[in-house]
Number of protein chains: 2
Amino acid sequence: MQILKNHPSLQHNPLSHLFSFPIHEVIQLHQFERGEWIVREGTPPNYLFYVLEGTAKIYMTHQNGKISLLNFIMPFEFIGEMELLQASFYSKGVQTSTKVTCLAIPYTCRDQILEDPLFLRHLCLFLSEKTAKMTIKYSTSLAFPLENRLAEFILQTADGDIYKEKHVTVCDYLGVSYRHLLHVLAQFCEQQILKKDGRYYRILNEEALQKLAGVLQHQ
Amino acid sequence: MQILKNHPSLQHNPLSHLFSFPIHEVIQLHQFERGEWIVREGTPPNYLFYVLEGTAKIYMTHQNGKISLLNFIMPFEFIGEMELLQASFYSKGVQTSTKVTCLAIPYTCRDQILEDPLFLRHLCLFLSEKTAKMTIKYSTSLAFPLENRLAEFILQTADGDIYKEKHVTVCDYLGVSYRHLLHVLAQFCEQQILKKDGRYYRILNEEALQKLAGVLQHQ
DNA sequence: CTTAAAATATGAGATATCTCACATTATTGT
DNA sequence: ACAATAATGTGAGATATCTCATATTTTAAG
């Protein structure tokens, strides 16, 4: 992790207008390498982060050794906001998938931050969307088999007609075993929906995927 | 649904201190009978509700006809806060399980409400907890079989050593089929963990349930 | 009190998903 | 360039969970 000083993003940062005090005096710019842990599971961070560039993954480990990939974090999302609000919150692990640049506001400003109505409203909106997405994930995970959820995931993450996500990541994300993920992918290939092309999969029949994903229909 | 006028709860309501304007001038007291729908799925409400007494259930219907019972709503929780924040939010259905009394703030006050820092902070905290709970539900639902999740649910809802939740509700809540729920309950009976007593189940071996629930271990 | 609707119950067979064991290929750190 | 680690791939058998069909009992509505 690296702290960038005197970087232009600091003066004209996208959060400053949410605060009534001169946030640029305390805000920092942190840069993480790919694969670094921004937050270690169980250890609350000392900053509220706001991602400017890059993506990361939120993980948690269960007693039985299973690992859940709870979500991807994208630019313009917060990290550490739940620990800021509730000191007792159990921190999930956050690991970068790419190089990540983010704004970092030290928790020492907690009281000031949590009194700014513009910021709080922004945070409410963020949390509301976060809840809504997680609720959808929860309910679809119970109501539909992998076939449908994977179809949606492939459509969401494909680059043109090429699907190339890492299996290990995907099975943590969709909450199924590696074995079963491969099994359903093989099924898609048999049905001529996908075609394995070396290390990638090529989408042969996008309509079929859309049909499978369509039944999830979350508004 | 009934609107109670001039009720003492209105003057000394637990929300008034969160607002900088005289909320008691606009706040109402609504009372719903058992089984009534406070919010119809897909139809945003016109009020922000705050439950004072009673409990309710949040439902959503999937394309394939499956119904998810997303959560129980307890006293001192909000209803309709997500629609208040995001007009585009798809409303889930909310049905009372008992008689429910709640404070109702008309959406016409939206702009005033969403500028009050104390209220916003309270709402952030509420949403943060809501997200955290849903995240736990999501990840445990994927990582553990019904056996463990049901054990926890029985411990949470039992009245002394008597478990008497409705099967239909429970299988919507835990996201499994009715058939499978009965199957696992029968297993518990075989293992002498429960004993069916007419319409109820009696807990014979609480330690066994605690052991099963223990592996969920969410901090 | 009667009837319709909801909830409970059970069997049997299908399917989705998991575990484990093991082999092969990338990727990464030194 | 090499070794260690991570990721991929496959088979076989077990288990969790679902679907459907059908019967009985309880609850709610008129």
Side-chain angles (χ1 to χ4, degrees), chain A residues 33-36 57 59 62 64-69 95-98 140-151 153 163-191 194-201 212 215-216, chain B residues 33-36 57 59 62 64-69 95-98 139-151 163-191 194-201 212 215-216:
Chain A
E33 291 309 310
R34 169 158 180 264
E36 260 191 285
K57 291 176 283 192
Y59 281 107
H62 295 276
N64 65 358
K66 276 206 189 177
I67 289 174
S68 293
L69 169 47
Q95 186 183 34
T96 65
S97 309
T98 63
T140 54
S141 76
L142 290 175
F144 298 93
L146 181 61
E147 192 181 28
N148 303 96
R149 296 181 289 133
L150 180 59
F153 183 78
Y163 167 77
K164 53 180 172 187
E165 294 301 316
K166 280 196 184 171
H167 298 331
V168 264
T169 305
V170 178
C171 61
D172 284 346
Y173 183 64
L174 296 178
V176 296
S177 68
Y178 186 89
R179 191 64 194 85
H180 188 53
L181 173 63
L182 279 251
H183 178 237
V184 175
L185 282 170
Q187 240 175 244
F188 283 173
C189 291
E190 261 179 43
Q191 300 166 232
L194 298 180
K195 177 162 185 292
K196 199 171 167 191
D197 233 17
R199 184 149 291 290
Y200 306 151
Y201 288 82
L212 284 168
V215 303
L216 274 61
Chain B
E33 291 307 310
R34 168 158 182 264
E36 261 192 284
K57 292 177 282 190
Y59 281 106
H62 295 277
N64 63 0
K66 276 205 192 180
I67 289 174
S68 293
L69 169 48
Q95 186 183 34
T96 63
S97 309
T98 63
S139 63
T140 53
S141 76
L142 291 175
F144 299 92
L146 181 61
E147 194 182 27
N148 302 99
R149 296 182 288 132
L150 179 59
Y163 167 75
K164 52 180 171 187
E165 294 302 314
K166 279 195 183 172
H167 298 332
V168 265
T169 305
V170 177
C171 61
D172 284 346
Y173 183 65
L174 297 178
V176 296
S177 66
Y178 186 89
R179 191 65 193 82
H180 189 51
L181 173 63
L182 279 251
H183 179 237
V184 175
L185 281 170
Q187 239 174 245
F188 283 175
C189 290
E190 260 179 44
Q191 300 166 232
L194 299 181
K195 176 161 186 292
K196 199 172 164 187
D197 233 17
R199 186 149 288 291
Y200 306 150
Y201 289 81
L212 284 168
V215 302
L216 273 62

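Keep in mind that what you see is a predicted model, and the values were worked out from it rather than measured. Naming convention: chains lettered A, B, ... in sequence-line order (proteins, then strands); numbering from 1 in each chain. Both backbone and side-chain heavy atoms feed into the values below; hydrogens, waters and symmetry mates do not.
Under the side chain to side chain contact (heavy atoms under 4.5 Å, CB included) criterion, S97(B) pairs with T55(B), K57(B), not counting sequence neighbours. Considering only residues two or more places apart in sequence or on other chains, H62(B) meets the side-chain hydrogen bond (donor to acceptor under 3.5 Å, both in side chains) condition with S68(B). When the side chain to side chain contact (heavy atoms under 4.5 Å, CB included) test is applied to R179(A), the partners found at least two apart in sequence or on another chain are S177(A), L182(A), H183(A). Contacts of K195(B) classified as salt bridge (charged side-chain N to carboxylate O under 4.0 Å, His left out), with partners at least two apart in sequence or in another chain: D197(B). Scanning for ring pair (Phe, Tyr, Trp, His ring centres under 6.0 Å) contacts around F153(A) gives Y173(A), with sequence neighbours left out. Taking E36(A) as the reference, M1(A), F32(A), E33(A), T96(A) meet the side chain to side chain contact (heavy atoms under 4.5 Å, CB included) condition, with sequence neighbours excluded.
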Enumerate, atom names and distances included, each donor-acceptor pair closer than 3.5 Å involving a side-chain atom of residues 140-151 of chain A, sequence neighbours excluded.
unit_1: T140(A); atom_1: OG1; unit_2: I136(A); atom_2: O; d: 2.8
unit_1: T140(A); atom_1: OG1; unit_2: K137(A); atom_2: O; d: 3.3
unit_1: S141(A); atom_1: OG; unit_2: K137(A); atom_2: O; d: 3.4
unit_1: S141(A); atom_1: OG; unit_2: Y138(A); atom_2: O; d: 2.7
unit_1: N148(A); atom_1: ND2; unit_2: L212(A); atom_2: O; d: 2.8
unit_1: R149(A); atom_1: NE; unit_2: F144(A); atom_2: O; d: 3.3
unit_1: R149(A); atom_1: NH1; unit_2: L174(A); atom_2: O; d: 3.0

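Rounded to 10°, the helix from dC1(C)-dG30(D) to dT30(C)-dA1(D) has 70° between the axis fitted to its first five pairs and the one fitted to its last five.
Residue Y201(B) places its side chain closer to dA9(C) than to any other of dG9(D), dA7(D), dA9(C).
Rounding to the nearest 0.5 angstrom, the gap separating the NE2 atom in H167(B) from the CG atom in D172(B) is 13.5 Å.
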Legend entry - Annotated protein contacts, base or backbone, on nucleotides 16-30 of chain C with a non-hydrogen cut-off under 4.0 Å, one of B, S, - each: SBBB------S-S--

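Taking atom NZ of K164(B) as the reference point, atom C1' of dT8(C) lies 18 Å away to the nearest angstrom.
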